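Taking it in order: structure first as structure tokens, then the write-up.
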Amino acid sequence: MAQVKNRRQVETLPPKDPRRTALLKKVHVLKRQQGMDDAAWRTMLAENFQVSSSGDLPVEKLVALANHLGGVLPAQQPARRASGAQSRATQRQINYIRKLWSEFARSKDVGSLEVWLNRFHKVARLEWLPRETASKVIAILERETGHA
């Protein structure tokens with residue numbers, strides 16, 4: 001038979017943090033989007049956050065986990081321009097940049113491309129790349145790979 005906490009114990013529990021609850025929901029949505037099974041999820045949590053459950057993480061670590069999974073939290077979103085998504089690189093530009101990057105770089109993964117973009121063009125994610133900057137990046141990579 002399960003023990004029932006007395007009224008005094010229940011009243012002294014801290015209130016639920018709505019931000020933490022929202023972050024937990026977000027990381028589980030991102031987990032599903034990544035197609036991670038339970039074993040892969042727990043392994044990733046153990047290796048990167050030294051916990052076996054995302055429920056054991058404080059708010060700051062949940063933010064880090066969401067960013068690790070590729071989620072963009074409102075505080076990390078870039079400022080929106082008046083023209084919105086039209087100022088972003090097209091999917092065709094993004095795909096071409098990835099293709100050129102795979103020919104140019106030693107490390108072929110998107111993470112190394114994003115490190116390079118952040119270092120030289122001050123853009124943290126490929127999806128956030130402005131259309132004009134995408135054209136410049138394409139020109140640089142074409143020149144470096146001999147496609148020009």
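Quantities reported herein were computed from a predicted structural model and do not represent experimental measurements. We count residues from 1, following the sequence as given.
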Locate the shortest heavy-atom distance separating [X] from [Y]; write the atom from each residue and the value.
| X | Y | answer |
| --- | --- | --- |
| Leu23 | Val63 | CD1-CG2, 3.9 Å |
| Arg20 | Val59 | CB-CG2, 3.8 Å |
| Gln93 | Ser135 | NE2-OG, 3.5 Å |
| Ser54 | His28 | OG-NE2, 3.0 Å |

Checklist entry - Going by an N to O cut-off under 4.0 Å, is there a salt bridge joining Glu103 and Lys99? => result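 Salt bridge: yes.
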Item to check | Residues that Gln50 engages under side-chain contact (heavy atoms from CB on, under 4.5 Å), provided they are two or more places apart | outcome: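 Testing Gln50 for side-chain contact (heavy atoms from CB on, under 4.5 Å), a comparison that skips the adjacent residues, returns none.
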Checklist entry - Mind checking what makes side-chain contact (heavy atoms from CB on, under 4.5 Å) contact with Ser102, not counting sequence neighbours? => result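 Ser102 satisfies side-chain contact (heavy atoms from CB on, under 4.5 Å) with Lys108 once adjacent residues are dropped.
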About how many Å separate [atom2] of [Y] and [atom1] of [X], when rounded to the nearest 0.5 Å?
| X | Y | atom1 | atom2 | result |
| --- | --- | --- | --- | --- |
| Asp56 | Leu62 | CG | CG | 10.0 Å |
| Tyr96 | Leu141 | OH | CG | 9.0 Å |
| Ile94 | Ile138 | CD1 | CD1 | 9.5 Å |
| Glu142 | Ile97 | CD | CD1 | 10.0 Å |

Next on the checklist: For the backbone of Leu129 and the side chain of Thr133, can you confirm whether one donor and one acceptor N or O come within less than 3.5 Å of each other?
Outcome noted: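 Such a contact is absent between Thr133 side chain and Leu129 backbone.
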Next on the checklist: Looking at Pro130, is its backbone amide N or carbonyl O close enough to the side chain of Arg88 to form a donor-acceptor pair, meaning the two atoms are under 3.5 Å apart?
Outcome noted: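 No.
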With a cut-off of 3.5 Å and sequence neighbours excluded, list every side-chain donor-acceptor pair involving residues 37-46.
residue, atom, partner, partner atom, Å
Asp37, OD1, Ala40, N, 2.8
Asp38, OD2, Arg42, NE, 3.3
Arg42, NH1, Ser52, O, 2.4
Thr43, OG1, Ala39, O, 2.8

Item to check | Minimum side-chain heavy-atom gap Leu117-Leu126 below 4.5 Å | outcome: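 Yes, close enough: below the 4.5 Å cut-off.
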Next on the checklist: Are the side chains of Val51 and Lys61 in contact, using a 4.5 Å heavy-atom criterion?
Outcome noted: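 Sidechains of Val51 and Lys61: no contact.
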Checklist entry - Looking just at side-chain N and O atoms, do Asn118 and Glu114 make a donor-acceptor pair shorter than 3.5 Å? => result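 No donor-acceptor contact under 3.5 Å links the two side chains.
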Next on the checklist: Quick check on the hydrophobic clustering: are Phe104 and Val110 connected, directly or via other members, by side-chain heavy-atom contacts under 4.5 Å?
Outcome noted: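 They do not share one cluster, since no chain of ILVMFWY contacts under 4.5 Å joins Phe104 to Val110.
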Next on the checklist: Please determine whether residues Met36 and Leu57 belong to a single hydrophobic cluster, defined as Ile, Leu, Val, Met, Phe, Trp and Tyr linked transitively by side-chain heavy-atom distances below 4.5 Å.
Outcome noted: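 Yes, because Met36 and Leu57 connect within a single hydrophobic cluster, where side-chain heavy atoms sit under 4.5 Å apart.
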Checklist entry - Going by the angle between their ring planes, with limits at 30° and 60°, are Trp116 and Trp101 parallel, tilted or perpendicular? => result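 Judged by the thresholds at 30° and 60°, the geometry between Trp116 and Trp101 is tilted.
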Checklist entry - Knowing that exactly one of Val29, Leu30, Leu24 qualifies, which makes a side-chain contact (heavy atoms from CB on, under 4.5 Å) with Lys26? => result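 Answer after filtering Val29, Leu30, Leu24: Leu30.
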